[in-house]
Novice: 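Before anything else, here's the structure in question.
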Amino acid sequence: MTSLTSAPPAGRTSAERTPRSRLRFWRSPAGQPRWARPALLGIAALAALLYTWNITSSGFAPYYSMAARSMSVSWEAFLFTSLDPSATLTLDKIGGFLWPQALSARFFGFHDWALVLPQCVMGVVSVLVMYRLVRRWQGPAAGLLAAGLLTVTPVAASMFGLAMLDGSVTMCLVLAADQYQRAVRSARLRSLLLCGLWIGLGFQAKMMEAWVIVPALFVGYVVAAPVRLRRRLGQLALAGALMFTVSLSWVALMTFTPERDRPYVDGSTDNSAAAMVFGYNGFNRLHAGLVDGAAPVSSNGLWGSGGASRTPPPTGSGAGPDGANDTNGTNGTNGANGRDQGGAAQRPSAGPSGAPSAGSSGGPSAGPSGTPSGKPSPAPSGAQPDGPSGAPSQNADRKGRAGAAPAGRQVGSEAPSRTSLWLKLLRSPRLTPQIAWLYPLALISLAIGLARHRKAPRTHQGRAGHLMWGTWLFTAAAVLSALGNLPHTAYVAILAPPLTALSAAGTVGLWRAHRAATSGPRAWLLPAVVVIEAAWTIHLASKHVDFAPWLIPLLVAATLVAVLALAPFGTSRRTVLVGLLAGCVAMFAAPTTWSLSVLNERYRGSAVDAYAGPGNDARISTGTRTARAADVRVPTTPTPAQSGLLDYVEQRDGSAKYAFSTEGWEASAPYVYATGAPVVPLAGLHADSLTLAEYRHLVATGDLRFALVTEAGKKTSRISSWVASACAEIDPRAYGATGRGGERAPAQTLYRCEPSDATSH
């Protein structure tokens with residue numbers, strides 16, 4: 001007979017296996033019940049079904065999918081996680097999460113399902129590892145329940161079926177916790193080092209968010225590892241050193257690679273990877289200006305049906321010469337408010353030579369014509385140097401590009417209060433249906449677990465597990481609450497592992513205690529927890545009564561059945577089992593309903609924002625309009641005019657390293673999607689890739705011969721203005737576009753620049 005303070009029973013083990021039985025993967029290994037492996041495979045199959053159901057229609061994220069395409073055709077773009085195949089400009093974050101996607105696209109071809117496939121695999125791996133984590137801690141029943149709850153966590157059901165960065169970091173953190181658990185049980189340094197490795201890889205996926213688990217693992221290991229304190233601290237120091245080494249490897253690569261040999265770092269104003277990672281994507285999201293050199297960060301938070309408050313960009317420009325596939329108004333304005341106007345010119349990724357360092361051929365390319373890669377060439381005569389030595393200044397002032405929301409960015413007019421932002425994990429109608437269902441159950445389970453083991457030895461693994469999961473939960477919740485702006489719902493996915501682990505452990509522990517107790521307060525504990533959890537679930541579901549009208553009556557009925565069947569009135573074993581099943585329905589039916597709704601395309605989320613169920617009609621900017629995130633489609637097939645332009649350029653660019661330049665990344669996108677052409681975008685989300693002097697140097701060396709320019713760009717960009725004045729305009733009819741004889745003029749004009757143009761104007 002067990003009690004609330006007893007250890008979980010071992011369970012009936014399967015028969016002894018012979019070596020040949022290892023091929024029968026559906027059979028449980030020795031030491032686990034016969035039903036454990038088949039049940040786990042069933043849960044994994046459900047997870048795979050949810051994640052892959054919409055894999056062929058998941059769509060493309062406007063910004064990240066272009067980078068994935070670039071990285072799939074250029075190894076240099078792959079290494080530096082560049083936005084463009086030319087490797088002139090990085091993403092505004094570390095793009096490690098795109099490495100699996102780019103490899104998949106390189107192997108299978110560039111399709112939306114090829115980008116999503118790695119995330120689906122990561123989701124199934126996370127579910128399987130979650131079972132192992134909780135099984136070691138609380139037994140196979142709790143492990144199965146934890147794996148099942150992670151599968152039916154709404155944000156996870158949507159996120160792992162989409163090509164986004166949060167799935168990668170979630171898997172890495174679960175694997176880090178798995179290795180930590182091995183280490184804390186036996187004080188094995190190897191396992192602790194592997195834990196640090198996984199955290200470092202998680203940093204490559206989503207930077208500082210991966211470090212949110214560090215306090216939990218540090219506290220758990222210091223408290224519970226079965227070795228002396230001095231050795232514990234020494235092992236943690238070694239693991240921490242490895243973690244920081246792996247985490248900062250890309251930042252170090254960008255920092256120590258000469259600027260002329262790498263892309264410019266978007267998300268920064270001084271070409272600093274550290275400022276982009278720790279400023280724009282880190283501390284400056286807690287308070288503006290903490291790290292110098294970072295691009296400005298919106299201070300508005302996610303609330304209601306809107307996201308970060310941004311002004312939709314102007315309209316009137318197109319992604320191609322005929323104005324089709326317009327994805328963002330920054331094409332027309334070059335994405336800048338005052339970019340290249342007066343003042344100091346903005347720095348590109350290139351150094352004095354002015355040449356971006358990679359083409360699209362799949363590997364590093366030579367430097368400017370006649371010059372080995374990395375060797376600066378003299379600036380052309382007539383170029384306007386930005387620095388005293390005749391080369392563009394490495395630290396030229398870069399102006400922010402606020403005002404225009406890039407394609408795919410959420411827009412809205414609501415400005416939530418400070419209190420609302422701090423309480424968004426409890427009150428936001430966008431966030432709570434995705435993650436908040438298990439809050440009461442997880443917190444109650446944590447409190448009961450810590451109380452149960454309060455007198456246990458220091459190395460007791462039951463207490464160590466509650467301490468680790470609880471610290472993870474509270475640290476992540478505090479960080480997310482402090483971040484005023486959560487532009488994407490998937491941010492909250494880092495709460496899913498501790499919530500599901502604690503909820504599963506608590507449910508199984510309460511059930512064991514209920515079976516052991518015949519009367520008294522302990523016998524009422526499980527029914528009371530069911531009522532509390534069901535009440536919270538009904539509260540959340542009541543905000544979306546039109547989604548599943550039958551859900552709340554089901555929850556109420558299941559709660560009543562559970563309380564009556566679990567009440568300590570001498571009921572039979574069968575009645576108590578009915579009460580347990582009814583209690584599980586009352587507690588878990590709502591998140592399961594939300595998660596299963598991803599089988600309907602209407603509720604699956606989008607490549608821009610992960611969510612399952614209703615109430616998430618996010619509005620995002622597409623340049624010319626705002627639309628539901630789920631309705632945004634990124635065209636990857638060029639229009640006839642765009643195809644004609646690309647053919648025209650490729651037939652006449654000669655030995656040029658780059659096909660042509662565009663005023664912004666959105667204008668480059670159709671050509672990159674189509675063929676992976678080495679198009680040079682002059683602007684990313686926050687930064688410009690080239691100064692006028694460096695642009696003219698590319699023209700002078702023959703590396704760049706064509707440019708797409710808009711009328712608006714001629715007025716706002718020094719480069720576009722110079723191109724229009726110095727280079728020859730190409731008749732749109734030459735490449736199949738209209739514009740003469742009274743027909744509609746193309747949104748962008750193609751110019752041909754000769755090397756002599758750079759020295760004579």
Novice: Taking the inter-plane angle between the rings of H111 and W113 on a 0 to 90° scale, is it parallel (under 30°), tilted (30 to 60°) or perpendicular (over 60°)?
Specialist: parallel
Novice: Between S717 and I719 (side chain of the first, backbone of the second, donor and acceptor by atom type, cut-off under 3.5 Å), is there such a pair?
Specialist: yes
Novice: Yes or no on side-chain hydrogen bond (donor to acceptor under 3.5 Å, both in side chains) for K93 and Y64, after CA distance, side-chain angles and deciding distance?
Specialist: CA-CA 10 Å; K93 52 182 58 64; Y64 299 136; 2.9 Å; yes
Novice: Closer than 3.5 angstrom, by distance alone: can the side chain of Q204 be matched with the main-chain N or O of S247 as a donor-acceptor pair?
Specialist: yes
Novice: Taking S272 for its side chain and S268 for its backbone only, find out whether a donor-acceptor pair lies under 3.5 Å.
Specialist: no
Novice: Out of K715, Q748, E663, which residue meets the side-chain hydrogen bond (donor to acceptor under 3.5 Å, both in side chains) rule with T710?
Specialist: E663
Novice: Side chains of L201 and V246: does their closest heavy-atom pair fall under 4.5 Å?
Specialist: yes
Novice: If the condition is ring pair (Phe, Tyr, Trp, His ring centres under 6.0 Å), which residues does W250 pass it with, not counting sequence neighbours?
Specialist: none
Novice: I'd like to know whether the aromatic ring centres of F110 and F60 sit less than 6.0 Å apart in this structure.
Specialist: yes
Novice: Could you go through the side-chain hydrogen bond (donor to acceptor under 3.5 Å, both in side chains) check for W99 and T81 one step at a time?
Specialist: CA-CA 8 Å; W99 287 331; T81 65; 5.9 Å; no
Novice: Indicate the ring-plane relationship of Y695 and W722, choosing parallel, tilted or perpendicular according to the 30° and 60° boundaries.
Specialist: perpendicular
Novice: Using atom types as modelled and distance alone, determine if a side-chain donor or acceptor of N281 lies under 3.5 Å from a backbone N or O of M276.
Specialist: yes
Novice: State whether Y648 and R652 meet the cation-pi test: NZ (Lys) or CZ (Arg) under 6.0 Å from the six-membered ring centroid, and within 45° of the perpendicular axis.
Specialist: yes
